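Written below as C-alpha cells is the structure these notes are about.
As the structure is a prediction and not an experimental result, all values here were calculated from the model. Letters A, B, ... are given to chains in the order of the sequence lines, protein chains preceding strands, and every chain is numbered from 1.
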2 protein chains.
Amino acid sequence: MAERKRRLVANELTEAALQLLALKGFDAVTIDEIATTAGVSKRTFFRYFASKEDVVVQFLADMGADMRAELAARPAGERPAEALRHAVAVPIATCADHSDRALRVVQLILRTPALHARFLERQAQWRDDLAAELAHRLGLDPDSGLYPRLAAGMALNAFDAVLDRWSGSDGGEDPNELIEHAFAVIAPALDTA
Amino acid sequence: MAERKRRLVANELTEAALQLLALKGFDAVTIDEIATTAGVSKRTFFRYFASKEDVVVQFLADMGADMRAELAARPAGERPAEALRHAVAVPIATCADHSDRALRVVQLILRTPALHARFLERQAQWRDDLAAELAHRLGLDPDSGLYPRLAAGMALNAFDAVLDRWSGSDGGEDPNELIEHAFAVIAPALDTA
DNA sequence: CCCTTCATGTCACTCGGTGACATCTTGACA
DNA sequence: TGTCAAGATGTCACCGAGTGACATGAAGGG
C-alpha cells in the first residue's frame, strides 16, 4: 500500500507534466513548476523520473514490452511480415484508443527535439528486443546475420512513419490503413529470408 | 581570413573535445575543461557549438549532405536499392578511411546515451532529406505515399546496423561486405515500387 | 510504546547553457 | 599615421537541470 501511494504520486506528476508541457511547450516549463503543481518538491520529482524528458517518454514506455510480447505470442509458422505487423499494431491501437491524450503526447514528442531524441533512443532498445525475439522465433543466431536487426528496424521504421503521419494529420488519417500501407512496402524484404 | 581563424579555433575545440571525451568518458569531462584545453573560455565554446553533444555529432554532420549529394548524382535509371547503397557507402567509406579516429568517435557516440540520442535525431533529418531526394528522383509526391520515407529509413537503418557491427568489432569486420549484406536484405522492398 | 523503514523536504552544490557588457583585435579608410 | 567600425573574445551574473547529504515525519511491526 506504500506501493499504491507511489503509483499515485507518479500519476499526479505525469498528469501535471503532460498538462503543462502540452500547454506551454517543453522549454517554457520548469521542473519546479511541474512538481509544485503535483504537490511535491523538485527533489521528489527526480525520485520518480530520471529527467525532464523521462516523464513524457516513460508515458510510452510499455509499448516496447507490449510489442515484444505480441511478437512472442504470434503463431510460430506465421511469416515475419505478418507477425511484426501485428506486433507494431498493438501500440498503434493503444494510441488510437486514447486518441485525445495520445495524440497530444505524440505531437509534443515529435515536435520537441529533446524529446524526439530520447524517444528514438528508447526505440533503439525496442529494436534490439524485437530483433532478439525475432531471431529466437526463426532459430537464427542473433549475432551472425543482419536480418533480425534489419527486420526489427524496418518494422519500427514503419511504426515511426505511421506515427508521424497520424500526428501530422491531427489524427485524421486511419492508423490501421497506414500500417497496412507501410507493411505492404517493407514486406518483400521481411519475407524473403 | 577571419573565417580561417574561426575554423582554426573550431578545430582546436573539436580536437580537445574528442581527445578528452574518448579518454575520460562523456560525463566526466566539463566544458570548462575542453575550452581551457583549447585555450579559450567556456563562453567561446558555446559560440562555436550549441551543446556538449554537438561538438561530437557535428564531427559527423557532413555525412547527411554527402549522402544526399551522392544520391542526387546517381544515374536516373538506377534502381533505388543500388542508388541508396552507393549513397550510404559514401560516409562509410569516409569512416573506413580515417578508421583510427572515426572508430573512436563512433564508439563514443554509440556507447553514450546522450550522444546516441542526438545522433539519431540528426539521422531523422538525413532521412527526410533522402526521402525528398528519392521522391524527386522517382517523380513521386513525397506527401502521398509512404515509400520514399520508408525507403530512406531502411537505408539509414542499414547504415546504423553496419556502423554498429563495425564499431562493435573494433573495426575488424569489413564495412563494404556489411553494406552489401545489409542491402541484400532490404533490396527486395526497395526495388518493388 | 519504541523502533525501524521509507518517502519526503530542505539545502547546498556542480554543471550545462544564455544574455549583457566591456575589451581587444583587425582591417578599412581618410 | 590616426581613427573608426565590426567582429571575436573574456568576464560576470544568472537560470534551470540534476545530485548528494541530512533531517524530519509518518506508517507499520515488535
How many whole angstroms separate atom [atom1] of [X] from atom [atom2] of [N]?
X: A:Leu8; N: D:dA26; atom1: CG; atom2: P; value: 18 Å
X: A:Ile34; N: D:dG18; atom1: CD1; atom2: C1'; value: 14 Å
X: A:Leu13; N: C:dT8; atom1: CG; atom2: C1'; value: 12 Å
X: B:Asp54; N: C:dG17; atom1: CG; atom2: P; value: 9 Å
X: B:Arg4; N: D:dG7; atom1: CZ; atom2: P; value: 18 Å
X: B:Arg43; N: C:dA22; atom1: CZ; atom2: C1'; value: 14 Å
X: B:Phe49; N: C:dG16; atom1: CZ; atom2: C1'; value: 16 Å
X: A:Phe45; N: C:dT10; atom1: CZ; atom2: P; value: 17 Å

For the backbone of B:Ala182 and the side chain of A:Tyr147, can you confirm whether one donor and one acceptor N or O come within less than 3.5 Å of each other? no

Main-chain N/O of A:Ser167 paired with A:Gln107 side-chain donor or acceptor, under 3.5 Å: yes

Just checking A:Tyr48: base, sugar-phosphate only, or nothing, at a heavy-atom cut-off of under 4.0 Å? sugar-phosphate

Please determine if a side-chain N or O atom of A:Thr44 lies less than 4.0 Å away from the OP1 or OP2 oxygen of C:dG9. yes

Output yes when at least one side-chain N/O atom of A:Thr30 is less than 4.0 Å from OP1 or OP2 of D:dG16, else no. no

Non-hydrogen atoms of A:Glu180 and A:Arg85 that approach each other most closely: CG-NH1, 4.1 Å

Return the nearest nucleotide to the side chain of [X]; candidates are [options].
X: B:Ser41; options: C:dG16, C:dG9, D:dT11; result: D:dT11
X: B:Glu53; options: C:dG17, D:dA17, C:dG19; result: C:dG17
X: A:Val40; options: C:dG9, D:dG18, C:dG17; result: C:dG9

Is it true that A:Arg101 and A:Glu15 have a side-chain N and a carboxylate O under 4.0 angstrom from each other? yes

Looking at B:Glu133 and B:Arg137, is any side-chain nitrogen of the basic one under 4.0 Å from a carboxylate oxygen of the acidic one? no

Distance-only donor-acceptor test, B:Arg47 side-chain atoms vs D:dG7 base atoms, 3.5 Å: no

Donor-acceptor pair present, B:Arg6 side chain and D:dG7 base, under 3.5 Å: no

I want to confirm an ordering. Mapping B:Val9 and B:Lys42 to their closest nucleotides on DNA chain D, which one lands closer to the 5' end? B:Val9

Would you mind telling me which residue lines up with the more 5' stretch of DNA chain C, A:Lys5 or B:Lys52, judged by nearest nucleotide? A:Lys5

